[in-house]
Asks: 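Here it is, the structure in full.
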Number of protein chains: 2
Amino acid sequence: MALKSDLSLDIDKISSDTMADVVEMRLRDYFKKKSFKPGDALPKEQELAEALGVSRNVLREALSRLRMLGMIETKKKRGMILSSPDVLGGFQRVLDPLIISPDALQDLFELRLILEMGLADVLFLNLNDKSIRELEIIANSEKKKNKEAFRIANEIAFHGKLYEMAGNDTLKRFQHMLLPVFGFVLQVENEFLSGSVSHQDLVEILKSGNKDDFRNGMYEHLKPHFDRLEALKKIN
Amino acid sequence: MALKSDLSLDIDKISSDTMADVVEMRLRDYFKKKSFKPGDALPKEQELAEALGVSRNVLREALSRLRMLGMIETKKKRGMILSSPDVLGGFQRVLDPLIISPDALQDLFELRLILEMGLADVLFLNLNDKSIRELEIIANSEKKKNKEAFRIANEIAFHGKLYEMAGNDTLKRFQHMLLPVFGFVLQVENEFLSGSVSHQDLVEILKSGNKDDFRNGMYEHLKPHFDRLEALKKIN
DNA sequence: ACTCGTTTTTATGTAGTACAAAAACATTTG
DNA sequence: CAAATGTTTTTGTACTACATAAAAACGAGT
């Protein structure tokens with residue numbers, strides 16, 4: 001261990017970065033250094049390629065990445081402009097339960113529980129009668145049908161509505177992306193448990209209770225998941 | 001509105017997608033359809049390019065994106081393999097307070113408040129004496145120095161430690177990425193307020209209190225930020 | 001027969017050229 | 001003067017060529 005760290009001090013790690021990787025970073029630095037703002041025009045491809053000393057090919061591989069993230073937009077003749085990327089775009093592209101690691105999957109599952117529990121304060125800041133009524137309609141529609149598929153869709157609708165009521169668009173989209181992960185973990189665990197507090201109970205709390213009541217209710221609603229977590233933690 | 005939607009039903013929207021965009025999607029679909037798992041080898045570039053009917057150039061632009069996200073790795077001769085992407089990698093690349101939109105910035109600020117408030121349950125699942133002592137050391141080191149720069153660094157250290165104690169690596173990294181955003185918003189607002197509950201108070205609660213105590217303490221600690229939020233919401 | 005070193009093969013990484021397409025700009029013509 | 005048309009410019013796509021690295025195959029020597 002000691003020897004290894006000594007070595008790593010003396011010898012620079014070989015960067016297996018490809019040119020496209022380097023160019024991507026250099027472009028990012030360049031944007032920062034020049035403090036470009038969204039809307040600003042960028043030099044054309046050939047100029048950039050020449051300035052960086054790489055082929056237009058490599059440059060375009062790097063630009064392709066930035067374009068995917070929404071950092072730049074290009075129009076045929078007008079050239080490229082810097083733009084405001086969608087903060088969740090890169091996240092969405094990667095969120096496939098089948099390819100992300102089990103550890104990360106578990107982390108994201110926990111993350112959603114944390115979000116649900118933390119939602120109360122912001123939710124109560126935005127509360128209004130209209131949205132509570134809409135939520136109630138969703139909650140009440142559960143009794144009628146009993147199919148499993150419908151229950152899951154309804155579960156999604158209810159919690160999604162809660163996020164929407166928090167009035168934070170990024171949060172709502174984030175939650176929506178997390179749904180497949182949540183569903184996948186539950187499916188693997190082969191259980192779709194429901195706590196002692198129902199959706200309808202939660203609606204009642206929103207009507208007449210306060211933040212703490214809601215939080216406690218939400219905890220009870222999610223209790224089976226927390227119990228599962230606790231059991232998991234004890235094993236490790 | 002009605003006319004417009006009628007039209008959009010009859011006429012397909014012109015996709016201004018570039019070939020690289022299309023290829024990126026097609027590759028993603030292909031991986032799913034074949035249910036490739038991390039570690040599986042992928043066909044070589046030429047085969048893919050021919051199968052898709054595009055130049056190797058375009059294909060590589062798409063692959064470059066997937067490589068950036070960590071979805072694929074390539075070794076010189078062995079070809080490409082699918083791999084487990086870092087779920088936060090794409091996020092990190094985009095999280096520059098100077099280029100993301102003010103709305104998204106505000107959303108992320110809220111998101112961090114929500115996370116802090118929701119942390120209690122998972123935190124208490126992982127609580128142990130050692131980490132509490134470490135947290136206490138951080139909290140106590142505040143009194144000694146009074147420089148602004150130190151206060152901010154300490155603020156970061158304290159809250160970062162809390163996330164670390166929750167035992168969720170993805171969450172901790174997420175919080176760490178959000179720090180610049182948080183700092184930026186506060187800097188723009190030109191205030192670095194502190195609630196009535198200090199870091200040391202929070203440590204005491206962790207020692208002898210329960211989850212609800214901690215949550216209430218955290219709310220008071222963050223109260224200035226929530227007050228600011230409330231004022232903002234009222235304006236809109 | 002086994003190990004070590006050399007050569008061959010193969011896939012990716014990079015460069016360069018060429019041309020198509022679209023959009024802004026310039027010019028011509030009624 | 002306006003509309004139509006042509007020109008220029010920049011991105012998008014294709015193709016070729018070669019460098020490079022690494023596995024695989026091969027061969028020599030003990």
Side-chain angles (χ1 to χ4, degrees), chain A residues 11-28 30-31 34 36 38-85, chain B residues 11-31 34 36 38-83 85:
Chain A
I11 305 179
D12 285 357
K13 198 186 294 177
I14 291 178
S15 90
S16 72
D17 283 352
T18 176
M19 281 293 168
D21 294 325
V22 177
V23 170
E24 186 206 330
M25 278 186 291
R26 291 284 297 275
L27 285 176
R28 248 202 206 86
Y30 170 67
F31 296 157
K34 287 280 188 176
F36 280 128
D40 289 356
L42 305 177
K44 45 193 171 190
E45 293 184 353
Q46 242 184 60
E47 289 174 2
L48 285 174
E50 281 171 22
L52 289 162
V54 296
S55 74
R56 212 181 128 219
N57 236 332
V58 167
L59 175 77
R60 280 183 62 85
E61 286 188 18
L63 289 176
S64 176
R65 300 176 177 188
L66 303 182
R67 209 170 308 135
M68 175 187 64
L69 296 175
M71 285 184 64
I72 61 177
E73 286 172 32
T74 78
K75 300 250 167 175
K76 267 285 163 94
K77 148 101 184 178
R78 195 161 175 184
M80 298 177 290
I81 59 170
L82 198 69
S83 57
S84 283
Chain B
I11 305 179
D12 285 357
K13 196 187 294 175
I14 291 178
S15 89
S16 73
D17 284 352
T18 176
M19 281 294 166
D21 294 325
V22 177
V23 170
E24 186 206 332
M25 278 187 290
R26 291 285 297 274
L27 285 177
R28 247 200 206 87
D29 292 345
Y30 170 66
F31 297 157
K34 286 280 188 178
F36 280 129
D40 289 355
L42 305 177
K44 44 193 170 190
E45 291 183 354
Q46 243 183 62
E47 289 174 3
L48 285 173
E50 282 172 21
L52 289 162
V54 297
S55 74
R56 215 180 125 219
N57 234 332
V58 167
L59 175 76
R60 279 182 62 84
E61 286 188 17
L63 288 177
S64 176
R65 301 176 177 189
L66 302 183
R67 210 170 307 134
M68 174 187 63
L69 296 176
M71 284 185 65
I72 61 177
E73 287 173 29
T74 79
K75 300 249 168 175
K76 268 281 162 101
K77 149 97 183 180
R78 197 163 173 182
M80 298 177 291
I81 59 171
L82 199 70
S83 57

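In the text below, chain A, chain B and the rest are named by the order of the sequence lines, each starting its count at 1.
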Asks: Between Ala41(B) and Phe36(B), what is the shortest heavy-atom contact and its length?
Replies: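 Looking at all heavy atoms of both residues, the shortest contact is O-CE2, 4.1 Å.
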Asks: Taking side chain as C-beta onward, heavy atoms only, is Asp40(B) less than 4.5 Å from Phe31(B)?
Replies: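 They are not in contact (no side-chain heavy atoms under 4.5 Å apart), so the answer is no.
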Asks: Indicate yes or no: at least one non-hydrogen side-chain atom of Thr18(A) is less than 4.5 angstrom from one of Glu61(A).
Replies: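 In short, these two side chains do not touch, never coming nearer than 4.5 Å.
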Asks: Can you name the closest pair of heavy atoms from Glu45(B) and Leu59(B) and give their distance?
Replies: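 Nearest heavy atoms, Glu45(B) then Leu59(B): O-CD2, 3.1 Å.
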Asks: Considering only heavy atoms from C-beta outward, does the side chain of Asp21(A) approach that of Arg65(A) to under 4.5 Å?
Replies: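 With C-beta onward as the side chain, the pair touches.
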Asks: In whole angstroms, how far is the P atom of dG13(C) from the CG atom of Asp17(A)?
Replies: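 Rounded to whole Å, this separation is 12 Å.
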Asks: Check every atom of dA22(D), dA21(C), dT9(D) against the side chain of Lys76(A) and return the nucleotide holding the closest atom.
Replies: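 For the Lys76(A) side chain, the nearest candidate turns out to be dA21(C).
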Asks: What parts of residues 43-56 of chain A reach DNA chain D, counting only heavy atoms under 4.0 Å away?
Replies: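 Hits under 4.0 Å, by residue number: Lys44(A), Glu45(A), Arg56(A).
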Asks: On DNA chain C, check which nucleotide each of Lys75(B) and Lys77(A) is closest to and give me the residue with the more 5' one.
Replies: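 Counting from the 5' end, the first nearest nucleotide belongs to Lys75(B).
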Asks: Would you call Arg28(A) and Met71(A) a side-chain contact if the rule is heavy atoms closer than 4.5 Å?
Replies: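 A side-chain contact exists here, since the closest heavy-atom pair is under 4.5 Å.
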Asks: Judged by atom type as modelled, is there a donor-acceptor pair below 3.5 Å linking the side chain of Ser83(A) to the main-chain atoms of Gly70(A)?
Replies: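 Flag set: sc Ser83(A) to bb Gly70(A) pair under 3.5 Å.
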Asks: Can you tell me which residue among Ile81(B), Leu82(B), Leu27(B) is in a side chain to side chain contact (heavy atoms under 4.5 Å, CB included) with Ile72(B)?
Replies: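 Exactly one candidate clears the test, Leu82(B).
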Asks: Rounded to the nearest Å, what distance is computed from the CD1 atom of residue Ile81(A) to the P atom of nucleotide dA23(C)?
Replies: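 Rounded to whole Å, this separation is 15 Å.
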Asks: For DNA chain D, which residues in residues 57-74 of chain B have a heavy atom at a distance below 4.0 Å?
Replies: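 Residues of residues 57-74 of chain B that come under 4.0 Å of DNA chain D are, in numerical order, Asn57(B), Val58(B).
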Asks: Is the phosphate of dT14(C) approached by Thr18(A) (side-chain N or O, under 4.0 Å from OP1 or OP2)?
Replies: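 Checking Thr18(A) against dT14(C): at least one side-chain N or O falls below 4.0 Å of OP1 or OP2.
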